[in-house]
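Just below is one structure, and these are the notes that go with it.
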Amino acid sequence: MNELAKTYTPQDFEDKWYSYWLNQKFFHAEPNPDKEPYTIVIPPPNVTGVLHMGHMLNNTIQDVLVRRARMQGKNACWVPGTDHASIATEAKVVQLLREQGIKKSDLSREDFLKHAYSWKEKYGGIILEQLKKLGASCDWDRTRFTMEPKLSEAVIDVFIDMYNKGLIYRGLRMVNWDPQGKTALSDEEVIHKEVQSKLYYIKYFMADGSGDFVTIATTRPETILADVAICVNPTDERFLHLHGKKVLVPFLNREIPIIADEYVATDFGTGCLKVTPAHDVNDYALGQKYQLPVIDILDESGFLNAEAKDPRYIGKDRFAVRKQIAIDLEEAGHLVKTEEYKNQVGTSERTGAVIEPRLSLQWWVDMKKFMARNPQVLDAVMSDEIQFHPAKMKNTYKHWIDNIKDWCISRQLWWGQQIPAWYDEKGNLVAVAKTEAEAILIAKSKNGQELDASSQQPMHLHQDEDVLDTWFSSWLWPISVFDGFEDPENADIKHFYPTNDLVTAPEIMFFWVFRMIMAGYEWRGEKPFSNVYYTGIVRDKQRRKMSKSLGNSPDPLDLIAKYGADGVRMGMLLCSPAGNDILFDDSQVEQGRNFANKIWNAFRLVKGWEVKPDSGFSPEIIEANQTSARWFAGRLHDALIDIEDKYKGYRLSEALMSIYKLIWDDFCAWYLEMVKPVYGEPMNESTYQTTLAFFEELMKVLHPFMPFITEEIWQNMAERKTGESICVAHYPLPVKVDAPDLSRVFESIQQIRNLRNAKGLSPKEAFEIYIKAKDISLYAPHSFLLQKLANVSAIHFVNAQPQGSTLLPIDTDELFIVLNLAIDEAAEREKIEKEIAYLEGFMKSVDAKLGNEKFVANAKPELVEKERQKKADAAAKIEVLKVSLAGF
RNA sequence: GGAGGCAUAGCUCAGCUGGUUCAGAGCAUCUGCCUUACAAGCAGAGGGUCCUUGGUUCGAAUCCAUGUGCCUCCA
């Protein structure tokens, strides 16, 4: 290679290498009995989604793990794909149609789905293309979609299987109703938000015409139209005289009873509770207990229906009615007062609409029964057979399972897998089966009828209109992407399942992680993955969650364009330990970019050397370079072990930091400076080769984190053939070396630099130094290095402090410099005295420890020995300083 | 209302089973340098009552308890 740009310009090569990787199929994996499998399934992003910072973090982590595994020679397979996201997608399509003047209600199911599919073909999966910009090394040939035919079939089969096992039932229950999406939601899809609302105090007059009244407090006055009782606490003395009496519902004058139940808190509101079974979960329970009627005044959109009786409100939105009825109540003299009140309101995760509790017939998974069949779902996590990172997530997991509730899996939507349940003309459930024909067969055999179709009346069934919850397909993901339901013994699933690592956000632990574990044990008798890495939430500097609505989220693609994918990846990872939120700021990405630039320039340096055979160099230089190389080899060895350790603990940001320091500090700041020829001089052949070899090792270690720049450099290091790539090169293993101890040399260099800084001396000005050391061999063999790096013209080994010199303590040794400057003796003395005072204080504390019989008796012997050593060292240092002080 | 987590430098975090790492890192800050790989850089420096108060212990950032403050999940 001839020319390298002076600064790092990622735009020049990132796309080029990504295409190369794809063309060479480096990311594609097939089952291979000779290789250890390493599998990750992507948390499938919504098919409607666009890449945001959360995806960036999540997928960068997965890519690091999978790239490293690939380089370690494992059969690495990262399966990508998308989720059909029933509510989100349907909402989007409905909105799009509305913009075109088409109402969903005017379309047949088939026509709507046609629109939805064409939308998906056009816009769906953009996010996967965006992931490529990031460098994600997914096996794109394996891209799956949760609603593609094969995966849908798996979902239907699972539903039928569960129904037959008695794990699924249909029941009339209070559900979370999303009036905008017009569908039921599971508890997990409801987000509770604190809102400022009003508490209305409303008079209900007694039915006996006495003019007496009770006052109730409610945040939802519109629901009085659905009231069926008033409830008080039986111990509440204020209301003892009212038990069994009746009151009139304002406006409607419907007579409703006053009942007594412990449920009512005496200290909230007025102590009188209105009971509205159709519109509140707790009221529903009360209604059941006292066999009260259920009056449902809301339709599926949250508008008041004819049951509300009062024509002023029928056909109007619940929030409009809330305002209006408050005014009307006031006019009619029913409103006592209103108060400001903070309460929690459930909203839909997908549409943001305020949730209405609504009584409806839905399909449910019997979770308790499921868990009883599969106790491993909890046990595997608690025993670390499935490891959570960070481990503290285990608590949350357990607590949730201990309080598990049934899972509502039906959704009143069209975009999704239609529930395979069949009903007769009267709406009775006849059978659960894949097709109508099968359902008829089941129905007939259940009735004990002969399977002689000709002799029977023709039977007409209709299928359940609802579809299944999206998560009812995503929980099968680790199995279904390998077609493990249709063909449980196929080569893919046998090789790649169970997968290794799952990387996901903590907030979907219950939605997804937990349920995948359930599915894994139920259908494969095996865990779906061995490790779960919970990422943090990406926030801005003010700790606000990044969101579109706040506009505080940078567009990841803009960031990549500006700083390069490597810089963005590094910026994201540098400060994101597992489970910790990441406070994102451009400056971190800048740091990543700067690091890339540093590497780039180091490579420019090495590539720019004029290389000549060793024979033309002085033995001194050759030897110094060999020493330097041995030293760096030692550092590399230690760092590789350290990095390996951090990977094992899934401490990726720390692993990256170790690599960062290894490259920047050890390699660039020390090693390269040690071997760098003076300007204009050539480099000897053997050192050049060694340096290049180190560089290659460093690039490999860094590659999982910064794939592009490492590939670019690796390709430029030597002649590479097509088909070769750093992404399939062997990951470095630590090699034990006999490394020289340069610690005293380095310390000397730093002390000299420090002195220069303090005295305002130019680094260009060379001076002589004097060393008084116990063991000269720690210095003498490395004189050349010391001179080169500290700009020292000569080194003298002495037994006493030279006249008029300044002392620099190097551990227990002494380094002296004779400066051609007037020495401020007083200041020097003070400095040394301070040092002595400090050391004496230190020794005192060590002495106290050693003088403590209990310490000597209880502490480990090696610890006591260490303390004694410390004391001896400190004493030696004090001695040195005192001698120096005497010299003044 | 219930449960869990966290609190260490200006910021983000390490500090594993108590004892030398006399409390560490990166970034930021400050000082001096445009020293021909890199100013997206180099060489240095400063900066912490380890949230409060108790307890256990020869010894506590580390273990226990209390309080305070923040966060998350659930109702």
Side-chain angles (χ1 to χ4, degrees), chain A residues 4 6-8 187-188 190-192 265 281-282 344 346 390 392-400 402-403 405 506-507 509-510 536-537 539 541 543 563 567 571 574-577 579-585 587-588 590-609 645-646 649 651 653-654 656-658 660-661 664 668-669 672-673 676 678-680 749-764 789-791 838-839 841-843 845-846 848-860 862-864 866-867 869-870 873-874:
Chain A
L4 280 172
K6 188 174 175 187
T7 47
Y8 151 79
D187 290 342
E188 288 72 34
V190 177
I191 298 169
H192 295 270
V281 178
N282 298 313
Q344 296 279 323
K392 62 188 177 192
M393 295 293 179
K394 283 160 71 175
N395 287 330
T396 319
Y397 185 81
K398 180 173 193 310
H399 179 251
W400 190 78
D402 289 345
N403 295 287
K405 299 216 170 64
E507 62 258 36
M509 183 156 103
F510 308 124
I537 297 165
R539 299 173 181 278
K541 276 269 167 187
R543 285 206 172 272
Y563 296 103
L574 256 184
C575 59
S576 57
N580 261 82
D581 285 1
I582 121 154
L583 268 58
F584 187 82
D585 190 79
S587 68
Q588 289 154 248
E590 223 173 283
Q591 195 188 347
R593 190 266 324 254
N594 293 354
F595 182 47
N597 187 57
K598 181 74 188 176
I599 296 167
W600 185 258
N601 277 292
F603 188 59
R604 279 211 309 141
L605 171 72
V606 173
K607 269 310 212 183
W609 285 332
D645 207 51
K646 284 168 173 156
R651 301 157 80 114
S653 57
E654 284 181 46
L656 176 57
M657 185 47 73
S658 295
Y660 177 83
K661 286 196 269 193
W664 200 307
C668 294
L672 287 180
E673 292 301 328
K676 185 164 100 178
V678 274
Y679 182 67
I749 293 165
Q750 281 172 321
Q751 288 278 20
I752 295 167
R753 284 173 178 168
N754 194 353
L755 182 80
R756 279 205 156 95
N757 235 306
K759 303 279 182 200
L761 299 174
S762 162
K764 284 179 186 163
L789 296 186
N791 194 16
Y838 171 78
L839 284 167
F842 173 63
M843 240 173 77
S845 78
V846 176
K849 223 182 235 184
L850 287 169
N852 184 331
E853 281 169 33
K854 285 188 177 171
F855 170 72
V856 180
N858 293 333
K860 283 182 228 142
E862 56 267 34
L863 196 73
V864 178
K866 232 176 178 177
E867 292 294 318
Q869 187 59 46
K870 265 155 51 181
D873 284 353

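All chains are named by letter (A, B, ...) in the order of the sequence lines, taking the proteins before the strands, and each is independently numbered beginning at 1.
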Any chance you could list the contact pattern along nucleotides 3-8 of chain B? Use B for base contacts, S for sugar-phosphate-only contacts and - for none, protein heavy atoms under 4.0 Å, 5' to 3'. SSS---

Identify, with sequence neighbours excluded, every residue that meets salt bridge (Lys or Arg N to Asp or Glu O under 4.0 Å) alongside A:Lys598. none

Spacing between A:Asp402 atom CG and B:rG2 atom C1', to the nearest angstrom: 13 Å

Taking atom P in both B:rU72 and B:rU12, what distance in whole Å separates the two? 15 Å

Taking a pair as Watson-Crick (N1 to N3 plus N6-O4 or O6-N4) or G-U wobble (N1-O2 and O6-N3), both under 3.5 Å, which stems of 3 or more consecutive pairs involve RNA chain B? B:1-7 with B:68-74, B:10-13 with B:24-27, B:29-33 with B:41-45, B:53-55 with B:63-65

Would you please name every residue forming a ring-ring contact (aromatic ring centres under 6.0 Å, His included) with A:Tyr563, sequence neighbours left out? none

Give the rounded distance in Å between these two atoms: CG of A:Asn754 and C1' of B:rG46. 12 Å

Looking at residues at least two apart in the chain, or sitting in another chain, which of them share a side chain to side chain contact (heavy atoms under 4.5 Å, CB included) with A:Lys646? A:Asp642, A:Arg651, A:Glu654, A:Ala655, A:Ser658

Please give, in whole Å, the distance from B:rA45 P to A:Leu755 CG? 12 Å

CD of A:Glu654 versus C1' of B:rC16: gap in Å, rounded? 11 Å

I need the minimum non-hydrogen distance between A:Leu574 and A:Ser653, along with the two atoms involved. O-CB, 3.4 Å

On a whole-Å scale, what distance lies between the C1' atoms belonging to B:rA28 and B:rG48? 16 Å

Work out how far the P atom of B:rG4 is from that of B:rA23, and round it to whole angstrom. 34 Å

Using 30° and 60° as the class limits, which term best fits the ring planes of A:Trp664 and A:Phe595: parallel, tilted or perpendicular? parallel

Would you mind reading off the distance between A:Gln751 atom CD and B:rA43 atom C1', rounded to a whole angstrom? 14 Å

Quick one: side chain to side chain contact (heavy atoms under 4.5 Å, CB included) partners of A:Lys6, sequence neighbours excluded? A:Arg604

C1'-based separation of B:rU68 from B:rA45 [nearest Å]: 36 Å

Sequence neighbours excluded, the answer for side chain to side chain contact (heavy atoms under 4.5 Å, CB included) partners of A:Glu673 is A:Lys676, A:Leu789

Separation between the C1' atoms of B:rU8 and B:rC51, rounded to whole Å: 10 Å

Of all heavy-atom pairs between A:Val190 and A:Gly346, which one has the smallest distance, and what is that distance? CG1-CA, 3.7 Å

With sequence neighbours left out, what residues match A:Lys398 under salt bridge (Lys or Arg N to Asp or Glu O under 4.0 Å)? A:Asp402

In B/S/- notation, 5' to 3', how is nucleotides 25-41 of chain B contacted by protein heavy atoms closer than 4.0 Å? SSS--------BBB-BS

Counting any heavy atom closer than 4.0 Å, what does A:Arg651 reach on the DNA or RNA strands: base, sugar-phosphate only, or nothing? sugar-phosphate

Mind checking side chain to side chain donor-acceptor pair (under 3.5 Å) for A:Asn282 and listing every partner two or more places apart, or none if nothing turns up? A:Tyr263

When rounded to the nearest Å, what value does the distance between P atoms of B:rC63 and B:rA14 take? 14 Å

Please list, chain by chain and in numerical order, all residues satisfying side chain to side chain contact (heavy atoms under 4.5 Å, CB included) with A:Asn757, sequence neighbours excluded. none

Between B:rC13 and B:rA9 - C1' atom distance, rounded Å: 11 Å

Can you check the distance between B:rU62 and B:rG15, where both ends of the measurement are the P atom (answer in whole Å)? 14 Å

What residues, two or more places apart in sequence or in another chain, satisfy salt bridge (Lys or Arg N to Asp or Glu O under 4.0 Å) together with A:Glu590? none

